[in-house]
Amino acid sequence: MAVALEGAVGRRGAGDGVAAARRTVTALRQRAARVGSVTALGASVAMIGVAAFVAGWQLGWRELDVVAATCALVLAGAALTCVGRVALRTDLRLDPPRVQAGDPSAGRLLVTNAATRRSLPVEVELPIGTATTAFSVGSLAAGDEHEQVFVLPTVRRGVIPIGPSVTVRTDPLGLLTRRVSWGSRTELVVHPVVAPLDSLASGLLRDLEGRTSAQVTVSDLAFHSLREYVPGDDRRHVHWRSSARAGHLLVRQFLETRRSTISLIVDDDSDSWADADEYETGMQVTASVAVRAARDGLTCAVHAGGHAARASSPAPLLDATARAVLGAGTRHLPTLVSRATGSGDDTSLALVVTGSHASGAALRAATARLPIEATGIVLRVAPGAAASIATVGDVPMLTVPDLTALAAALRSALPS
């Protein structure tokens, strides 16, 4: 009976020890979460301390209790070194924030001690795209600044996220780490390389406002004909000389004019492109035409890679080409053409940019959905092929091997 009671007390004591150890680990985790994250070394020290505490509880060894207490003191000291808020102010600037692929761009991170006392040395990490750059900031007096300048990668078209910056504080033994984010994320927009092109406006604009339509209106610039006066007509449009000859009032009527818009539609089907480099050439072609249209004072609409922009200045159009991702938009080209040049659109020139693997059936279906009043052109990017002109249905198809052949190809297809 006494043996059974002693065994029960031993099991209960062991159970109490395990429960106490669990509570200790939970408390350490909660405290560490408020202070920072536990490193692999810190986790090892914590496990050694817990194991020594449990073994010392069960076996009654003072040495193990000393080990457990030492581990606890070391972790507590590490927590004290990481506790406390670092009062920093960061200012991240890019010069310039938008560049053409291959052009240089630099960033500047200015770290200021906004506290009233000297700050401790910290390490600052700055995410740049998928990489992270780290640098040390020494102890700063109140109001002092530390400037870090870095070069940004601009080899390829795209949008590179930068920041936010993160300060990293670690105790001398490397048991705990505290990370705090500062500022906000910014972006470096890398535009595609563009080629110089001849003016696209020649042959497209026929009057002061734009391309005339078949819609008759009572007021515009393109004169159409005369008709009899109807009560309610604006008397400013009465043609008095013709009215005197006819013996009754005649008023002018006009053809409605619309400002010319160039629509650039990039095939989003990844099967239409041989590889990523061919798609990049296609985006360079698109950007070149968009920039030329904007410089001609024309409105341009870009539909590429899940992004769309409509503007008469280059920056928004180039931003759309920089953000485009192959396969992110409507992969069915005829549907994309219909959406891009749908009802209410005033497209006068539509260019469909596609790759060397595009099927003839898809191109014929896509060109069939272009507006009847619009001039359609298919730009097929095929590196290594000879520059040539063919037709897809009733629409000319220009094969462009590289960006340098674009100007000559458009010159042969557009009206002079």
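Please read all numbers here as calculations on a predicted model, not as lab measurements.
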Does a salt bridge link [X] with [Y], judged by any charged N lying under 4.0 Å from a carboxylate O?
{"X": "R98", "Y": "D319", "answer": "yes"}
{"X": "D267", "Y": "R380", "answer": "no"}
{"X": "R93", "Y": "D91", "answer": "yes"}
{"X": "R179", "Y": "E125", "answer": "yes"}
{"X": "D268", "Y": "R331", "answer": "no"}

Notebook entry, point to check: Can you list every side chain to side chain donor-acceptor pair (under 3.5 Å) pair that touches residues 137-152, not counting sequence neighbours?
Noted result: R108-E147, R118-S139, H146-Q148

Notebook entry, point to check: Would V159 and V190 count as a side-chain contact (heavy atoms from CB on, under 4.5 Å) if you check the C-alpha gap in whole Å, the side-chain angles of each, and the deciding distance to 0.1 Å?
Noted result: CA-CA 6 Å; V159 178; V190 183; over 6 Å; no

Next item on the list: Take V166 and W182, measure what side-chain contact (heavy atoms from CB on, under 4.5 Å) needs, and give me the verdict at the end.
Entry: CA-CA 6 Å; V166 178; W182 303 92; 6.0 Å; no

Check: Which residue pairs pass the ring-ring contact (aromatic ring centres under 6.0 Å, His included) test when at least one of the two sits in residues 300-338, sequence neighbours left out?
Finding: none

Taking the side chain as every heavy atom from C-beta outward, state whether [X] and [Y] have any atom pair closer than 4.5 Å.
{"X": "L64", "Y": "F53", "value": "no"}
{"X": "H191", "Y": "T154", "value": "no"}
{"X": "P153", "Y": "I128", "value": "yes"}
{"X": "R178", "Y": "V180", "value": "yes"}
{"X": "I265", "Y": "L336", "value": "yes"}
{"X": "V194", "Y": "L403", "value": "no"}

Check: Is the closest side-chain donor-acceptor distance between S199 and D296 under 3.5 Å?
Finding: yes

Margin query: Would you say T321 and R157 are linked by a side-chain donor-acceptor pair, where the criterion is simply a distance under 3.5 Å?
Written below: no

Item checked: From T354, L264, L406, residue fulfilling side chain to side chain contact (heavy atoms under 4.5 Å, CB included) relative to L379 -> L406

Using residues 387-397 as the side-chain source, report each donor-acceptor pair under 3.5 Å to any protein atom, sequence neighbours left out, with the distance given to one decimal.
none

Margin query: With side-chain contact (heavy atoms from CB on, under 4.5 Å) as the criterion, how do C300 and T261 come out once you've worked through the C-alpha distance, each side chain's angles and the decisive distance to 0.1 Å?
Written below: CA-CA 5 Å; C300 184; T261 297; over 6 Å; no

